[in-house]
J.: 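My questions will all concern the structure given below.
Order of the sequence lines fixes the chain letters, A, B, ..., with proteins taken first and strands second; residue numbering starts at 1 for each chain. These numbers come from the heavy atoms of this one structure, side chains and all, not from hydrogens, waters or symmetry mates.
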There are 2 protein chains.
Amino acid sequence: MATSRTLRTRARILDAALDLFERQGYDATTVNQVAEAAGVTPMTFFRHFATKDAVLVTDPYDPLIAEAVGDQPGHLPPLERTRRGLLAALGDITPTEDATARRRVALVARSPSLRAAVAVGTEATQDAIVERLVADGTDRLDAAIAAAACLAATTAALLAWGTAPDDVTLAQLVRRALAHLAPAGAPS
Amino acid sequence: MATSRTLRTRARILDAALDLFERQGYDATTVNQVAEAAGVTPMTFFRHFATKDAVLVTDPYDPLIAEAVGDQPGHLPPLERTRRGLLAALGDITPTEDATARRRVALVARSPSLRAAVAVGTEATQDAIVERLVADGTDRLDAAIAAAACLAATTAALLAWGTAPDDVTLAQLVRRALAHLAPAGAPS
DNA sequence: ACCCAGAATGTTAGTGACTAACATTTGGTC
DNA sequence: GACCAAATGTTAGTCACTAACATTCTGGGT
């Protein structure tokens, strides 16, 4: 298969980008610099990552999250249903698979333009949740409000994790964030 | 004073932009087109609006909101304090001052790139709230979570308002959004 | 009416993210 | 060793945005 070469190139670009972004800042680093450091043409960079920020911002979790929300009891109000769904999907997440996750999040936390990119990505997740709730009869606006609030709290936790001490777990912070949205100091 | 000329030019640019954006879409419209339609140089466009999206996205409400949050009883949990503050600041808002508000919001609701710009703007509001809460002793992460959740719900209401029937009030939707975050079906 | 700062606009030239169309190389297969 | 297709390169362009400098207005004092 031809993917092995692809994967190696992609990894080289990613390494070079992470390195340069950390050393001189995201905004101060051009795609050309990253490409050159990776021994590659700028054009090739964009063939592997659709945008400059795509190197750092990726979230393929949408379908899982929407499913987890749908799995919660349908008689609950949308906010609580979403909250429990997110808790189920992310409450015990452990990004061991990707040791660079924290570096990426730390970079995102530092750059406004990157946080904007995260917001765009989050919107897709929000839409997925909304569609799932609407399918069960929830009013669209109510669903959007619930999803937006829960995801915003979760994102705040994610960004905080980027600059938190090493022994702090992402799952811990997410649980803490969602606990704030629990009905009146209620259980878990 | 020299501002009269400035205001007229700014208004011409704004009118031209709104018109073109509505007719051919935000992303499909270039700054050059807007400038030309306004009888002005692209450079002049940027002297009046720092970015292309600044024509549509502006929110000078940050200090008012932060103050309103600070005015709520300090013994309340941060989420409830923020919620009541936003309610006080926006719960009876009436954008009569600007008849184009709804057109602008409708445009924002249609374009992902514009929603990203809104997210960036909201971040400033969030920071203002967070600083105010932190000044009163709230933990920074808790403050960020509370502000993010409340503002996300509010933004969802704002975007919905853009495409809602004419007799629906922005204040109505904001109150509805924040009601979702009230502790256990509690009062107003 | 005249003049003159200073604001407002224009001009030119450039950077950086991204795209489209087409040419070239590379790696595995028969 | 020739062949096919994926991966990369090349070229040329668009668009948002910026900096430095030149020009034109506009209002206020004489």
J.: Should His48(A) and Thr6(A) count as side-chain neighbours, where that means a heavy-atom distance under 4.5 Å?
T.: yes
J.: Tell me the interatomic distance from Ile13(A), atom CD1, to dG9(D), atom C1', rounded to whole angstroms.
T.: 13 Å
J.: Determine yes or no for a side-chain-to-main-chain donor-acceptor pair under 3.5 angstrom, with Glu80(A) supplying the side chain and Pro77(A) the backbone.
T.: no
J.: Run the salt bridge (Lys or Arg N to Asp or Glu O under 4.0 Å) test against Asp53(B) and tell me which residues pass, sequence neighbours left out.
T.: none
J.: What residues, two or more places apart in sequence or in another chain, satisfy ring-ring contact (aromatic ring centres under 6.0 Å, His included) together with Phe46(A)?
T.: none
J.: Tell me which residues in residues 16-44 of chain A lie within less than 4.0 Å of DNA chain C, going by non-hydrogen atoms.
T.: Thr29(A), Thr30(A), Val31(A), Met43(A)
J.: Could you list the donor-acceptor pairs under 3.5 angstrom formed between side-chain atoms of residues 64-76 of chain B and any protein atom two or more places apart in sequence or on another chain?
T.:
{"residue": "Gln72(B)", "atom": "NE2", "partner": "Ala68(B)", "partner atom": "O", "Å": "3.1"}

J.: List, one per line, each side-chain donor-acceptor pair under 3.5 Å for residues 115-125 of chain B, sequence neighbours excluded.
T.:
{"residue": "Arg115(B)", "atom": "NE", "partner": "Glu123(A)", "partner atom": "OE1", "Å": "3.3"}
{"residue": "Arg115(B)", "atom": "NE", "partner": "Glu123(A)", "partner atom": "OE2", "Å": "2.4"}
{"residue": "Arg115(B)", "atom": "NH1", "partner": "Ala109(B)", "partner atom": "O", "Å": "2.5"}
{"residue": "Arg115(B)", "atom": "NH2", "partner": "Glu123(A)", "partner atom": "OE2", "Å": "2.5"}
{"residue": "Thr122(B)", "atom": "OG1", "partner": "Val118(B)", "partner atom": "O", "Å": "2.8"}
{"residue": "Glu123(B)", "atom": "OE1", "partner": "Arg115(A)", "partner atom": "NE", "Å": "3.3"}
{"residue": "Glu123(B)", "atom": "OE2", "partner": "Arg115(A)", "partner atom": "NE", "Å": "2.4"}
{"residue": "Glu123(B)", "atom": "OE2", "partner": "Arg115(A)", "partner atom": "NH2", "Å": "2.5"}
{"residue": "Thr125(B)", "atom": "OG1", "partner": "Asp62(B)", "partner atom": "OD1", "Å": "3.0"}

J.: Listed in order of residue number, which residues of residues 46-53 of chain B have a non-hydrogen atom at under 4.0 Å from DNA chain C?
T.: Arg47(B), His48(B)
J.: Take Asp27(A) and Leu114(A) through the side-chain contact (heavy atoms from CB on, under 4.5 Å) test and state the conclusion after the steps.
T.: CA-CA 9 Å; Asp27(A) 291 303; Leu114(A) 282 171; over 6 Å; no
J.: Between atom CZ in Arg10(B) and atom P in dT9(C), what is the gap in whole Å?
T.: 12 Å
J.: Please check the phosphate of dT9(C) (OP1 and OP2 only) for any side-chain N or O of Thr9(B) closer than 4.0 Å.
T.: yes
J.: Do Val174(B) and Leu178(B) make a side-chain contact, defined as non-hydrogen atoms from C-beta onward lying under 4.5 Å apart?
T.: yes
J.: Between Phe45(A) (CZ) and dT10(D) (C1'), how many Å, whole number?
T.: 19 Å
